[in-house]
Protein chains: 2
Amino acid sequence: QGIAEAARQYGDAAQRAAERMFCHDGRADASVLHAEQRALHGFAWTATLVEAVVRSAQWGLRLADEGRLGPLDAQVLAVGLAEYLAQLSSGIPMGQNEIFRPQELGLQDAAARVMADPAVRELQSRGGTPAARSALIDALRSGEQLCESALDEELDMIRDQFRRFTEQEITPHAHAWHLADELIPDALIGKLAQLGVFGICIPTEFGGMGLGKRAMCIVTEELSRGWIAAGSLGTRSEIAGDLIASAGTPDQKARWLPAIASGEVLPTAVFTEPDSGSDLASLRARATPLPNGGWRIDGNKTWITHAARSDLMTLLARSEPGVEGHGGLSMFLAAKPRGTDALPFPAEGMSGSEIAVLGYRGMKEYEIAFDGFEVAADGVLGGVRGQGFRQLMQTFEGARIQTAARAVGVAWRAFDLAWRYANDRRQFSRPLVEFPRVSDKLAMMVAETVMARHLTTFAATEKEQGHRCDIQAGMAKLLAARVAWANADAGLQIHGGNGYALEFEMSRVLCDARILNIFEGAAEIQAQVIGRGLLK
Amino acid sequence: QGIAEAARQYGDAAQRAAERMFCHDGRADASVLHAEQRALHGFAWTATLVEAVVRSAQWGLRLADEGRLGPLDAQVLAVGLAEYLAQLSSGIPMGQNEIFRPQELGLQDAAARVMADPAVRELQSRGGTPAARSALIDALRSGEQLCESALDEELDMIRDQFRRFTEQEITPHAHAWHLADELIPDALIGKLAQLGVFGICIPTEFGGMGLGKRAMCIVTEELSRGWIAAGSLGTRSEIAGDLIASAGTPDQKARWLPAIASGEVLPTAVFTEPDSGSDLASLRARATPLPNGGWRIDGNKTWITHAARSDLMTLLARSEPGVEGHGGLSMFLAAKPRGTDALPFPAEGMSGSEIAVLGYRGMKEYEIAFDGFEVAADGVLGGVRGQGFRQLMQTFEGARIQTAARAVGVAWRAFDLAWRYANDRRQFSRPLVEFPRVSDKLAMMVAETVMARHLTTFAATEKEQGHRCDIQAGMAKLLAARVAWANADAGLQIHGGNGYALEFEMSRVLCDARILNIFEGAAEIQAQVIGRGLLK
Ligand SMILES: Cc1cc2nc3c(=O)[nH]c(=O)nc-3n(C[C@H](O)[C@H](O)[C@H](O)COP(=O)(O)OP(=O)(O)OC[C@H]3O[C@@H](n4cnc5c(N)ncnc54)[C@H](O)[C@@H]3O)c2cc1C
Ligand SMILES: Cc1cc2nc3c(=O)[nH]c(=O)nc-3n(C[C@H](O)[C@H](O)[C@H](O)COP(=O)(O)OP(=O)(O)OC[C@H]3O[C@@H](n4cnc5c(N)ncnc54)[C@H](O)[C@@H]3O)c2cc1C
Ligand SMILES: CC(C)(COP(=O)(O)OP(=O)(O)OC[C@H]1O[C@@H](n2cnc3c(N)ncnc32)[C@H](O)[C@@H]1OP(=O)(O)O)[C@@H](O)C(=O)NCCC(=O)NCCS
Ligand SMILES: CC(C)(COP(=O)(O)OP(=O)(O)OC[C@H]1O[C@@H](n2cnc3c(N)ncnc32)[C@H](O)[C@@H]1OP(=O)(O)O)[C@@H](O)C(=O)NCCC(=O)NCCS
C-alpha cells in the first residue's frame, strides 16, 4: 500500500519536474524536447518503473485480499519492488552505458524522500538484501510455486492449455528449428490455427475467439516461452485483424477476418522502408490510382517478416503524393500469392530477397521491391485515404503489448534455462546456484520478469477498456524488452563457456532476446512516445 | 589531481569497510567471503573503478605536463571520470541485473563525501552533463583527434604500424572470414609472424622482440580492432612463451622459444575440462609416468582454442594422483602434429571434435579426449612436478592483460562502426548522431574505452616491473570486458534493425564481444580474485 503511494509521489515529482523543464504555457516545447532528450527519456523510464512498482504492488494486495499470496510471491514482489525503488532513487539503466540519475531532473530530494519513507525502508530491509534474494532462491529450490493466476478462470485455463502445448510441441524442437534456419513447419502453424491463435481478439461473429488483449498476452507469453517465433506467428494476424476489425469496411471484415482467424490467410506487415524505420511517417512507397479503380504500388520495403509465406499484406504507402508526413499515407489490404523457398514472391510487380539474421528465425525477413504491383479497388482500409498512419498507430498499441508479452516469454525461457543449468552444474564442489553471484542473478530474473508481466497485463487491461494507451503499451514494451535482454545476458553468463556454444539453447535465447529492443518501435522511440505523451 | 585523491579516499573507505566485514584478526574469513560474495564483488568492482579513475586522471595530468593534452582529450576524460565517480557513488552495474550500491558496504556517507568534494563537483559540472557529452561528439565530428601516444616513441611506432596493417590486411576481410566460419588464412598468420606478433615478449636471445607487456597490449588492441581473432592468435603464443620463458629449463627455452617467436610453432592452451572450468584446480586429466621416462595422458579437455592447427600443447594435468587440488598438477609441454579440417587430430591417443560458437571464430574450439597420448620425457615444464597451477596463474596475469587489450580493441571496433553508421544514417531529417540518445551512447563508448585502455596499460606496466599483479590484471580484464560488451550492445542499438542482420559487421562484433566476460576467467572469477587479493 505505502509502497505504491511512495512510488506515485515520486512519479508526481518527476512529472512536475518534467513539466518545468519542457513546457511553456502548458505545452511542450519541441526544441527543448529535442535538446533535452536524455532528460525526457529519463523521465519516461522513471514513469515506467513507477508504473511497474504501482501495478505490481497492487497486484500483491489483490492476491493477498483473495488469500492467494503465497510466501514465494511475497518474496518475489519484495525483491522486485525494492530493486526498482532503488533504481528510481539512484539510477536507471536505460542502456548499458546510459544510467539516468534523479539529479538530472533535479529529483535528488524527492529520491531521498522516497527512500526515507517508512514503508520503503521496511521494504528495503525485507527485499533489498542479499539475504532476501537468497531466501527467494531457497524457496524456489524447495519447490515452491509462483501464483500465476490471473484471477479469472478462463484466462487461467488458457495459460494452462498453452503451457502444456508449448512444452509438448514447441520447446523440444525450437532449438533445432532455429539452427536449421528454416521456416516454422506448416504442421505447427496448423496446430496453432486449430487452437485459435490467429483469431484470439477477432470477434466471434467473424470466426475469432472474441477474447481480450490479456488472453492474447497469455497465449503469446506461453508460446514465446518455448520459442520467440512461436509467439510471433500471431503478431501479424493480430495487426491485420485489429486494423480490419477496428477500421475496415463491412466487406473487408467479412472477407478477411474469418480467413485470418482460421489461419487460412497469413498476413504480413509491410511498413518499414530502407530510409524510413523509426520515422515511419516519412515513407515514400507510392500508391497510384489505376483507371480500373485499383492501385499500383511502387517503392522499396525492407525487414518484412514472414513476407514469402503469407497471403495478405497490410501495406502502408503514400497515396496522396502532394502530402508529406503521415497525412499522405493510406493503409492497403493487398492480397498476394504465397511464395515458396525457390520462388518467394511469385507475383507480378513484386520481388524480394531474404535478410539473414542473428535470431528471431522461423519466419524469415525480406527486402521487397514493388514495381507496378497491383492492389484491388477495394484495397484501401476502411475505404478512407490519408488515415493509414493513425490507423496503424492505434493498432501498434496492441502490437506493442503483444511484443511485451513476447518479451516476458523470452525472459522466462532465459530464466528456465539458467535455473536448470545453475542447479545441475557444479564447480568448487557446489551447484552454481549456491554462489551468491549466481543466485542474485536468478532472483532478479524472476522478480523482474514478474514485474514486467504485471505491467504488460496492466497495458492490456487499458487496451481492453478502449482507452488510448500508447503510453502504457510503450511502457510495457520498453520494460519487458529490457528484462528479456538482461535475463538472456545473465542466463548466458551463468552458462559460462557453454552459453557461447551454438549447441546450447542459451546461445539462441541471447540472439532472440536482442531483437526486442529494436522492432515494434526501438527502445528510444518508446521512451519518446511515453515522454511526449505524458507531457500532453 | 583532486579527482584522483577523492577517488582514492573513497577506495580507502571501501577497503576499511571490506576489512571490517570480511576479516577477523587481520585474515579474511572464508565462510564470510562465501556468504557475502555480493559485497566482496561489489568491493572488487569499486576498487576497479577507483583504479580506473586514478590511472586515467594521472594520465591526463601527465599529458598536460607534456603539453599534449588536447581539448578533446580533456573532454573525454571529464566525461569518463564524471561517470565513473557517479557510478561509484550511486551504483555500479556488475551485470545487467546486478547493480552494486554503496549502502551495501555501508559507504553511503563516503559516497556523499566524494560527490561533495569541490574537485568532483567541478568535474561533474564539466563532464557529467548532456552538454559535455554532446560537446565531445561535436569535437569528434569536427575532426579532432584523441592523443593516443604512449609517450614513448617505440610504442607509438608500433601502434602506427599495426593500425596500418590492420586497416589494410584485416578489417576489410574480417567479416567475410567470420561468416565463412573457417580458420584464419595461413597467409595472414605468415604476415603476422613476419611482423613478430608471436614473439613480442620473448627475449631477443631466443628470437623474440624482447618487448614489454605494453607493446603486447598495443599490438593486441590494434589487431583486435580489426577482428578479435586477429588479436587472439597471439594469445596462446603469449601463454606458452611466458610459461617457458619464466619457468622452463634451458633446453626447453632453446627448443621452443625461437620456434614460437617465429610463428613456426603454434601453441594451444589445454587447461579446461568438462567438469573443471572456473575451478581449474579440480581438474582430473591424468599424467602417468611411463617406463621410458615419458608420460601418458588420459582424460577429457574441452573448449580448446586453435587445437587442430597447432604444434605444441601447454597441457595441465594431474601428475600426483594422491594430491587433490592444485598441488597435484603439472604443466606439460606436449608436442603434437598439426591437423587438417579432414583430420583435426592425427595423433595417437588423441581425438576431438569442433564446438560451434556464436563468435570468436577463426581458430575454432574443440573438445578433446586423451587416451594414452604420449608426452616426451622432457615434457614437464621446468622439470618440476606439482607446480603447474602456480606457473599458470603467474602466466594468466599476462594473458588476462592481453585479454583486456583484446577487449579494448573490440570496444573500439564497436565504436568505429556505430560512429560511421550514426553519421551516415538519417531519420527524422537528421543524422542519427544529432539525437542525444545516440550521441550519449557514442560519447560514453569513447570515454569508457579510453579509461579501460589506461587501466590495461597500468596493469601491463605493473607486470613489466615484475610485480605479482593478478589484482591489476583482473581489474583490467573485468572492466575492459564490460566496456566491450556495453559498446557492442550500444553500437548494435544505434544500428537499429540493420544491427541484427548478419550482413552488417555490427552483428558480429556483438557476438565477438560476448566471449570476453567468460574466458580467461569469467567476470565473477576476476571479481573474486580482486576482492580476495585486496583483503590479503
Ligand atoms: C528481425 C526484424 C523484423 C522486423 N519485422 C518487420 C515487419 O514485419 N514489418 C515492418 O514493417 N518492419 C519490420 N521490422 C523493422 C523494424 O520495425 C525497424 O527496424 C525499427 O522500427 C527501427 O527502424 P530502423 O531499423 O530503421 O532503425 P532507425 O530508425 O534507423 O534507428 C536507429 C537507431 O537510432 C535511434 N533513433 C532513431 N530515431 C531517433 C530519435 N528521434 N531519437 C533518438 N533515437 C533515435 C533508434 O532508436 C535506433 O537506436 C523488423 C526489423 C527486424 C530487425
Ligand atoms: C570460445 C571459448 C574459448 C576458450 N578457449 C579456451 C582455451 O583455449 N583453453 C582452455 O583451457 N579453456 C578455454 N576456454 C574455457 C574458458 O576458460 C572457460 O569457459 C571459463 O574458464 C569458464 O569456465 P566454464 O565455462 O566451465 O564455466 P563455469 O566455471 O561452469 O562457470 C559458470 C558460471 O558460474 C560462475 N561461477 C563459477 N564459479 C563461481 C564462484 N565460485 N562464484 C561465483 N560465480 C561462479 C561463473 O562466473 C560463470 O558465470 C574457452 C571458452 C570459450 C567459450
Ligand atoms: C515515432 C512515432 C512514434 C511517431 O512519430 P511522429 O511522426 O512524430 O507522429 P505523431 O506522434 O505526431 O503522430 C501522428 C498522428 O498520429 C496520431 N497518433 C499517434 N499515436 C496514436 C495512437 N496511439 N492512437 C491514435 N492516434 C495516434 C497522432 O495523434 C497524430 O495525429 P494528428 O496529426 O492528427 O495530431 C512513429 O513513427 C513510430 O511509432 N515509429 C516506430 C515505427 C515502428 O514501430 N515500426 C514497427 C514496424 S513492425
Ligand atoms: C579461481 C582461481 C582464481 C583460483 O582458485 P583457487 O583454486 O582458489 O586457487 P588459489 O587462489 O588458492 O591459488 C592457488 C595457489 O596459486 C597461487 N597463485 C595464485 N595466483 C597467483 C599469481 N598470480 N602468482 C603467483 N601465484 C599465484 C596461490 O598463491 C596459491 O598458492 P599456495 O597454495 O602456495 O598458497 C583459478 O582457478 C582461476 O583463475 N580460474 C579461472 C580459470 C581460467 O581463467 N581459465 C582460462 C583458461 S583459458
Side-chain angles (χ1 to χ4, degrees), chain A residues 35-39 41 86-87 90-91 93 95-99 101 130 272 275-279 282 303 355-360 426-429 435-437 440-441 444-445 448 485-487 489-490 492-493 496-497 499-503 507 510-511 514-515 517-519 522-524 527, chain B residues 35-39 41 86-87 90-91 93 95-99 101 130 272 275-279 282 303 355-360 426-429 435-437 440-441 444-445 448 485-487 489-490 492-493 496-497 499-503 507 510-511 514-515 517-519 522-524 527:
Chain A
E36 301 292 345
Q37 188 179 58
R38 159 103 174 185
H41 290 197
Q87 290 190 10
S90 70
Q96 283 200 66
N97 69 12
E98 297 175 287
I99 303 174
R101 302 188 182 86
T272 304
D275 292 330
S276 300
S278 298
D279 184 12
S282 71
W303 280 116
I355 308 173
V357 281
L358 280 176
Y360 191 62
R426 300 173 69 87
Q427 282 294 281
F428 301 98
S429 315
F435 293 106
R437 281 299 299 286
D440 261 6
K441 290 183 177 74
M444 283 310 309
M445 288 164 89
E448 288 205 275
W485 179 233
N487 281 13
D489 191 16
L492 193 139
Q493 188 67 17
Y500 206 65
L502 297 189
E503 171 192 349
S507 68
L510 187 86
C511 293
R514 190 61 187 81
I515 189 57
N517 270 316
I518 296 175
F519 68 7
E524 292 76 11
Chain B
E36 302 292 344
Q37 190 179 57
R38 159 101 175 188
H41 290 197
Q87 289 190 12
S90 69
Q96 284 199 65
N97 68 13
E98 296 176 287
I99 304 174
R101 303 188 180 88
T272 304
D275 292 329
S276 301
S278 298
D279 183 13
S282 71
W303 281 115
I355 308 173
V357 280
L358 279 176
Y360 191 64
R426 299 173 70 87
Q427 283 293 279
F428 301 98
S429 314
F435 294 106
R437 281 300 298 286
D440 260 8
K441 289 183 178 73
M444 282 312 308
M445 287 164 88
E448 288 205 276
W485 178 234
N487 280 13
D489 190 17
L492 193 139
Q493 188 66 17
Y500 206 66
L502 297 189
E503 171 192 351
S507 68
L510 186 87
C511 293
R514 191 61 187 80
I515 190 58
N517 270 316
I518 296 176
F519 68 8
E524 293 75 11

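Owing to the predicted nature of the structure, the values given are computational and were not obtained by experimental measurement. Chain A is the first sequence line, chain B the second, and so forth, proteins listed ahead of strands; every chain is numbered from 1.
- Residue Phe519(A): no heavy atom, backbone or side chain, is found under 4.5 Å from chain B.
- Proximity to chain B (any heavy atom under 4.5 Å) is shown, for Ser507(A), by both the backbone and the side chain.
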Audit row: Trp485(A), Asp489(B), side chain to side chain contact (heavy atoms under 4.5 Å, CB included) steps and yes/no: CA-CA 10 Å; Trp485(A) 179 233; Asp489(B) 190 17; 2.9 Å; yes
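- Of the atoms belonging to Ala527(A), it is side-chain heavy atoms, and not backbone ones, that fall under 4.5 Å from chain B.
- Contact annotation for Gln87(A): both backbone and side-chain heavy atoms come within less than 4.5 Å of a heavy atom of chain B.
- With a 4.5 Å cut-off on non-hydrogen atoms, Ala490(A) touches chain B through its side chain but not through its backbone.
- Both the backbone and the side chain of Leu358(A) come within contact range of chain B, judged by heavy atoms closer than 4.5 Å.
- From Met444(B), atom CE reaches atom CD of Glu98(A) across 9.5 Å, with rounding to the nearest 0.5 Å.
- Every residue meeting the side-chain contact (heavy atoms from CB on, under 4.5 Å) condition with Ala486(B), not counting sequence neighbours, appears here in chain and number order: Gln96(A).
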Ile518(B) vs Leu492(A), side chain to side chain contact (heavy atoms under 4.5 Å, CB included): CA-CA, chis, key distance, verdict: CA-CA 9 Å; Ile518(B) 296 176; Leu492(A) 193 139; 3.5 Å; yes
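- Of the listed residues Ala523(A), Ala35(A), Gly359(A), Ser429(A), the one with more heavy-atom pairs under 4.5 angstrom with chain B than any other is Gly359(A).
- Both the backbone and the side chain of Ala356(B) have a heavy atom closer than 4.5 Å to some heavy atom of chain A.
- For the side chain to side chain donor-acceptor pair (under 3.5 Å) test, residues two or more places apart in sequence or in another chain that qualify with Ser90(A) are Arg101(B).
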